[in-house]
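So the structure is just underneath, and the comments pick up after that.
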Amino acid sequence: MDKERRKARKLVIGLFLSCLCIALACFGFFAYIAFTRRGAEPVNQRIVTISKIIVMTGIFFLVIAFGHLLPVLRSHKKRTRKQGGHDMSEIFDEENMRRALEEHIPDGETLLAGIHAVAKETNVTCLFGGGVCTESGLIPDENGGIIALNKKKYSTYDIYLGITQSFLILVECERNSYYYQIDNDPDGDEADIQEVVAAIPFVDIGTCFPLADIQSCEIKKGWMGSVKCFITMKNGSYFKLILPKMGGLGGGMPHHTEYREAIIARLRGGNI
């Protein structure tokens, strides 16, 4: 895997340098035109148009250059960040992803596809009955009433996104903080109430959703081959996600492309 990772890194660095050289050549050509035409009257509109095209081309290749380099730096930073001598970030690893997702899959279900994705905004609303809130989650209580819990996060973070035949699973790659709101006198459909029969940690809330509960799923093309995905659930919960084109570098997620297409197809209402 290290050999493949080095080859992938060399390829990306090569692309970065090529795009950077093209961008610098465009800027240099523009500077040459500006210098040689300085003071010329009247201004040739054709030269002005060509200069604008050259500058925009240079900016385009400059953006592409850093678009290739930044993911490599981010991935490398995550892989090399350690704590207590243990690697804390094995995010781009299919086995780690599978283990993380399978911890939240309901009984009788099987993981069909899973990928690394990026959450841009998360807003989860759940109704619980027969329990009370503690500092870490919900616990059963026969005197407990109905509780509405809203779990939010508005910053970017890494997640694993998976699907079974009937469920959508979202699991954070690393522990994150969320904003919680609790309402002990909510309005809602009793059919949506989940009974608290065992302790439910806050971290486990908002990780598993029936595919049948998806009200809408808006899918658009994103930057650098990524896909933007805006999922809204029937109970008002929603997720703004980005599904990257690549599953990291180094071959740690060899089925990323295949799984991503399967997940997109299923979210659009198709079958796997």
Side-chain angles (χ1 to χ4, degrees), residues 97-112 114 117-219 228-242 263 266-269:
M97 174 198 69
R98 183 173 292 276
R99 283 193 293 268
L101 289 171
E102 287 179 345
E103 289 181 4
H104 300 273
I105 292 177
D107 293 339
E109 294 285 324
T110 302
L111 184 66
L112 300 179
V118 176
K120 301 291 290 184
E121 187 174 330
T122 300
N123 192 319
V124 176
T125 299
C126 300
L127 290 175
F128 297 94
V132 294
C133 284
T134 67
E135 291 184 357
S136 58
L138 302 172
I139 59 173
D141 189 316
E142 59 182 12
N143 297 318
I146 298 175
I147 299 171
L149 186 144
N150 188 231
K151 179 178 179 179
K152 302 177 182 179
K153 189 170 181 64
Y154 296 112
S155 60
T156 301
Y157 62 103
D158 295 298
I159 64 168
Y160 291 132
L161 174 66
I163 54 171
T164 68
Q165 192 60 42
S166 304
F167 290 89
L168 173 71
I169 316 293
L170 299 97
V171 179
E172 59 190 20
C173 295
E174 297 176 308
R175 186 61 61 89
N176 288 280
S177 297
Y178 296 84
Y179 175 67
Y180 293 93
Q181 285 181 305
I182 306 245
D183 185 355
N184 292 309
D185 187 23
D187 295 324
D189 189 344
E190 292 186 2
D192 294 331
I193 297 176
Q194 176 184 344
E195 290 297 322
V196 181
V197 296
I200 305 175
F202 285 139
V203 69
D204 290 339
I205 295 173
T207 58
C208 182
F209 301 87
L211 290 168
D213 284 355
I214 295 178
Q215 179 172 287
S216 65
C217 181
E218 184 180 355
I219 296 177
K228 296 179 180 179
C229 187
F230 184 21
I231 302 172
T232 304
M233 312 302 293
K234 292 178 181 178
N235 69 352
S237 299
Y238 67 84
F239 310 94
K240 293 182 179 180
L241 310 175
I242 294 178
I263 290 173
R266 191 69 181 88
L267 292 175
R268 282 176 169 160

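In this structure, Glu174 CD and Asp158 CG are separated by 6.5 Å, a value rounded to the nearest 0.5 Å. Put simply, OG1 on Thr232 and CG on Asp213 are 12.5 Å apart, with the number rounded to the nearest 0.5 Å. In this structure, Lys234 NZ and Phe209 CZ are separated by 14.0 Å, a value rounded to the nearest 0.5 Å. Note that CE of Met97 is 9.5 Å distant from SG of Cys173, once rounded to the nearest 0.5 Å. Atom CE of Met233 sits about 10.0 Å away from atom SG of Cys217, to the nearest 0.5 Å. Between atom SG of residue Cys208 and atom CD of residue Glu103 there is a gap of 13.0 Å, rounded to the nearest 0.5 Å.
When all heavy atoms of Ile263 and Leu161 are compared, the closest pair comes out as CD1-O, 3.6 Å. The shortest non-hydrogen separation linking Leu170 to Phe239 is CD2-CD2, 4.2 Å. Taking each heavy atom of Ile159 and Ala119 in turn, the nearest pair found is CG2-CB, 4.0 Å. The two atoms that bring Val171 and Ile169 nearest to each other are CG2-CG2, 3.8 Å, heavy atoms only. Nearest heavy-atom pair, Thr164 versus Leu112, reported as atom, atom and distance to 0.1 Å: C-CD1, 3.7 Å. For Cys229 against Ile219, the heavy-atom pair with the smallest separation is SG-CG1, 4.2 Å.
Panel note: side chain Lys151, backbone Ile205; a donor-acceptor pair is recorded below 3.5 Å. A distance-only check finds no donor-acceptor pair linking the side chain of Asn184 to the backbone of Ile182 [under 3.5 Å]. For Glu109 (side chain) and Ser166 (main-chain N/O), a donor-acceptor pair under 3.5 Å exists by modelled atom type.
Heavy-atom contacts from other residues, nucleotides or ligands closer than 6.0 Å to NZ of Lys228 number 12 or fewer.
Using a 4.5 Å heavy-atom threshold, the side chains of Gln181 and Leu149 count as separate. Residues Arg175 and Val203 have side chains in contact (heavy-atom distance under 4.5 Å, counting atoms from C-beta outward).
With sequence neighbours excluded, no residue forms a side chain to side chain donor-acceptor pair (under 3.5 Å) with Gln215.
Of the N and O atoms on the side chains of Tyr178 and Thr122, not one donor lies less than 3.5 Å from an acceptor on the other residue.
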Discussion item. Evaluate Thr156 against Val118 for side chain to side chain contact (heavy atoms under 4.5 Å, CB included), listing each step before the verdict.
Written reply: CA-CA 7 Å; Thr156 301; Val118 176; 3.2 Å; yes
Worksheet item: Where do Tyr238 and Glu121 land on the side-chain hydrogen bond (donor to acceptor under 3.5 Å, both in side chains) test, with the steps shown first?
Response: CA-CA 8 Å; Tyr238 67 84; Glu121 187 174 330; 2.5 Å; yes
Identify each donor-acceptor pair in which a side-chain atom of residues 124-146 lies under 3.5 Å from a protein atom, sequence neighbours left out, and give them as a table.
residue: Thr125; atom: OG1; partner: Asn150; partner atom: ND2; Å: 2.9
residue: Thr134; atom: OG1; partner: Ser136; partner atom: N; Å: 3.4
residue: Thr134; atom: OG1; partner: Gly137; partner atom: N; Å: 3.2
residue: Thr134; atom: OG1; partner: Gly137; partner atom: O; Å: 3.0
residue: Asp141; atom: OD1; partner: Asn143; partner atom: N; Å: 2.8

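Contact check on Arg99 versus Glu102 returns no salt bridge, with no Lys/Arg side-chain nitrogen under 4.0 Å from an Asp/Glu carboxylate oxygen.
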